[in-house]
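Since this is a predicted model, take the numbers as computed values, not measurements. Order of the sequence lines sets the chain letters (A, B, ...), proteins ahead of strands, with each chain counted from 1.
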2 protein chains.
Amino acid sequence: MNTPRFEVIKKHIIAYIEQGDWRPGDAVPSENQLAEQFEVSRMTARRALTELTEAGVLERVQGAGTFVAEQLPTGSLLEIRNIADEIHERGHKHLAEVICLEQRTTTDAEEKLIGLPVGSVYFYSQVKHIEEDTRGKQEVIQFEERYVNSVVAPHYLEQDFTQITPSAYLSSVSPLSQADHWVEAILAPAEIEALLEIPTGTPCLKLSRRTYSYQQNPTKKQKFIVNFAVLYHPGPGYRLGGHLIAS
Amino acid sequence: MNTPRFEVIKKHIIAYIEQGDWRPGDAVPSENQLAEQFEVSRMTARRALTELTEAGVLERVQGAGTFVAEQLPTGSLLEIRNIADEIHERGHKHLAEVICLEQRTTTDAEEKLIGLPVGSVYFYSQVKHIEEDTRGKQEVIQFEERYVNSVVAPHYLEQDFTQITPSAYLSSVSPLSQADHWVEAILAPAEIEALLEIPTGTPCLKLSRRTYSYQQNPTKKQKFIVNFAVLYHPGPGYRLGGHLIAS
DNA sequence: CAGTGGTCTAGACCACTGG
DNA sequence: CAGTGGTCTAGACCACTGG
C-alpha cells in the first residue's frame with residue numbers, strides 16, 4: 001500500500017518485459033493509457049515511463065510512442081572508486097607515501113597531456129598508496145602519477161597527501177568537471193615495478209584519467225585540463241569492479 | 001527563450017557551484033525559494049533539483065534540504081561496450097570465429113561459476129573476435145569464453161555466432177538482468193595467448209561478467225545466473241574507455 | 001513547530017509523428 | 001488529423017527534519 005503508484009506501474013511494465021510479453025522494439029502503453037488503466041494522473045504514469053527510460057529499459061520518441069529498448073546489458077558500466085574509500089570499505093587502513101611533489105615546466109612530451117603550452121608551469125606528484133590489513137600486513141595497491149594545472153590548484157604543493165588523497169583534494173578545489181578515462185593492461189616500466197614491489201614482468205592495470213573544467217571568463221567559455229592522472233595497480237590481484245542493476 | 005525553464009534553473013545552480021559560491025556541503029535554495037525566484041511552479045523548480053541530484057551534483061535530505069554533493073569525479077564510471085558495436089564505430093569490420101560451441105556437464109570447478117549443481121547441463125562457447133581495418137589488416141581484439149545457463153537459452157547451440165555476438169543473442173533472450181563485472185590485468189594461459197596471437201608474456205585485460213535473472217515462479221522469486229563470460233583483450237593496445245560529464 | 005522534500009492531481013499548451 | 005511525448009501550472013497531502 002505504501003509503495004508509490006509510479007513504482008507499481010514500473011514493476012508492472014518490467015514484469016511484462018521479463019516474461020517476454022513485450023519484446024525489444026515493441027511499443028508499451030502510452031502515458032494516457034497507463035493513466036487510465038491505473039487510475040492515476042498522466043504525470044504519475046509519465047514518471048514511471050520516464051524513470052524506466054533513464055534506466056535504459058525503455059526508449060521514447062516524441063509523437064510516436066514508448067518502446068522497449070533494444071539491448072540492455074550490452075553497454076554497461078564499471079565504477080572507478082577513490083582508492084582510500086575502497087580500502088576503508090574493506091575494513092583496512094589506507095596509508096600514503098609521497099614520493100615526489102614538485103613544480104615543473106612543460107616540455108614537448110607533456111604539452112598534450114596537460115594542454116598547456118611548452119614552458120608553462122605545472123605541478124607534478126607521485127604517491128604510493130598502501131593497504132594495511134587487520135593483521136598489519138602492508139601491500140602497495142596503487143602508484144599514482146599526477147600532472148596538475150597550477151592555475152586551478154595553486155596550493156597543490158602545500159598539501160599533505162598522506163592525509164588527503166590528491167583526488168579528494170582536487171575534487172574539493174574544482175568540484176564540477178568533465179572527465180575522460182580508460183584502462184589498459186600493460187607491463188610497467190622497471191622503476192614503477194620497483195615502487196609497486198612486484199616482480200619484473202607482472203602485468204599491471206593502468207588507469208588514465210583526464211579531468212576538464214570550463215573557464216568562467218565573462219565573454220568566452222574555454223575548456224581546459226585540470227589534471228592528468230595515471231594510476232598503476234599490480235595485476236592480477238587488483239580488480240576494478242562494478243555492479244549493474246537493470247531498472 | 002526556447003530552453004526549458006528547469007534547464008535555466010539547473011544552469012544557474014551549476015554556475016554558482018562552479019564559481020565556488022556554493023561549496024560541497026552547502027545548502028542550495030529550496031524548491032519553494034527557487035519557484036518564487038524564477039517565477040515557476042514548485043514542480044518545475046523541483047525538476048531542476050531532482051535532475052541535478054540524479055547527476056550526482058546535489059544531495060537531498062527529506063525534511064532538511066538540498067545540498068551540494070561532497071565529491072563528484074571520485075566514483076565514476078567506465079563503459080563496457082558490445083565489441084561488435086565498438087569496432088563498427090571505428091569504421092572497421094567485425095569478424096567472429098567460433099572456436100568451440102558445445103554442451104557440457106558441470107564439474108566441481110564450474111559449479112560456482114554458473115550456479116548450477118554438479119552434473120547439470122550447460123552450454124560452453126569460445127569465440128574469437130577480429131577487427132579488420134579499411135586496408136584489410138586483421139587483428140584479434142577479443143577472445144570470449146562463455147558458460148551459459150541452458151534453461152534460459154535453450155537454443156544457444158543453434159546460433160550462428162559469426163552473425164550475431166553471443167552477448168547480443170543472450171540479451172535478446174533474457175532482456176532484463178543484473179550483472180556483476182570486473183577487470184584485471186593478467187598474463188593469459190599459453191593457449192589463450194596463441195588464440196589472441198600475442199607473444200608469451202604480453203599482459204592482457206581480462207573482463208569477467210556474471211549475469212543474473214529472476215525466475216518468475218508464481219510463488220517464489222529465485223535469483224539464478226544466466227551466464228558467465230570471460231573476455232580477454234590483448235594489452236596494452238586495447239583500451240576500455242569512458243567519458244564522464246558532470247551534470 | 002515551520003519548513004523541507006516526496007508524491008500526486010487535473011488540468012493546459014506545445015512539438016512532433018504517423019497514417 | 002488524432003495521438004504521442006515534453007513542459008508547465010497551482011494547487012494538495014504526506015513524512016520527515018531541525019530548532
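Between A:S41 and C:dG11 there is no side-chain polar atom (N or O) within less than 4.0 angstrom of OP1 or OP2. The phosphate of C:dT9 has OP1 or OP2 within less than 4.0 Å of a side-chain N or O from A:T44. Between A:T66 and D:dG5 there is a side-chain polar atom (N or O) within less than 4.0 angstrom of OP1 or OP2. Side-chain N/O atoms of A:R47 include one lying less than 4.0 angstrom from OP1 or OP2 on C:dT7.
Closest to the A:R46 side chain, of the nucleotides D:dT9, C:dC8, D:dG6, is D:dG6. With C:dC8, D:dT7, D:dT9 as the choices, the nucleotide that has an atom nearest any side-chain atom of B:P4 turns out to be D:dT7. Looking at the side chain of A:Q62, the nearest of the listed nucleotides C:dG5, D:dT7, C:dC16 is C:dC16.
A straight line from CG of B:L49 to C1' of C:dG3 spans 15 Å, rounded to a whole angstrom. B:F67 places its CZ atom 11 Å from the P atom of C:dT4, with the value rounded to the nearest Å. As a whole-Å value, the separation of B:E51 CD from D:dG6 P is 12 Å. Atom CZ in A:R5 sits roughly 14 Å away from atom C1' in C:dG6 (whole-Å rounding). Between A:E59 atom CD and D:dG5 atom C1' there is a gap of 14 Å when expressed in whole angstrom units. Atom CZ in A:F6 sits about 6 Å away from atom P in C:dC8, given to the nearest Å.
Side-chain contact check for B:D21 versus B:D26: every heavy-atom pair is 4.5 Å or farther apart.
B:Y122 and B:Y156 have their aromatic ring centers separated by at least 6.0 angstrom.
In the displayed structure, A:K128 atom NZ is contacted under 6.0 Å by more than 12 heavy atoms of other residues, nucleotides or ligands.
Mapping A:M43 and B:T50 onto DNA chain C by nearest heavy atom places B:T50 at the nucleotide closer to the 5' end. Of the two residues near DNA chain C, B:A64 and A:E39, the one whose nearest nucleotide lies more 5' is B:A64.
Taking every heavy atom of residues 30-38 of chain B and every atom of DNA chain D, no pair lies under 4.0 Å.
In this pair, B:W182 and B:F228 present their aromatic rings tilted. The plane angle is within the 30 to 60° band.
Using a 4.0 Å cut-off between charged side-chain N and carboxylate O, B:E7 and B:K11 make no salt bridge. Using a 4.0 Å cut-off between charged nitrogen and carboxylate oxygen, A:E31 and A:R60 count as a salt-bridge pair.
Nucleic acid contact for A:R42: base, since at least one base atom lies under 4.0 Å from a heavy atom of the residue.
Side chains of A:H94 and A:H129: a donor-acceptor N/O pair is present below 3.5 angstrom, by distance only.
Pair check for D:dT17 finds C:dA2; Watson-Crick or G-U wobble, both atom distances under 3.5 Å.
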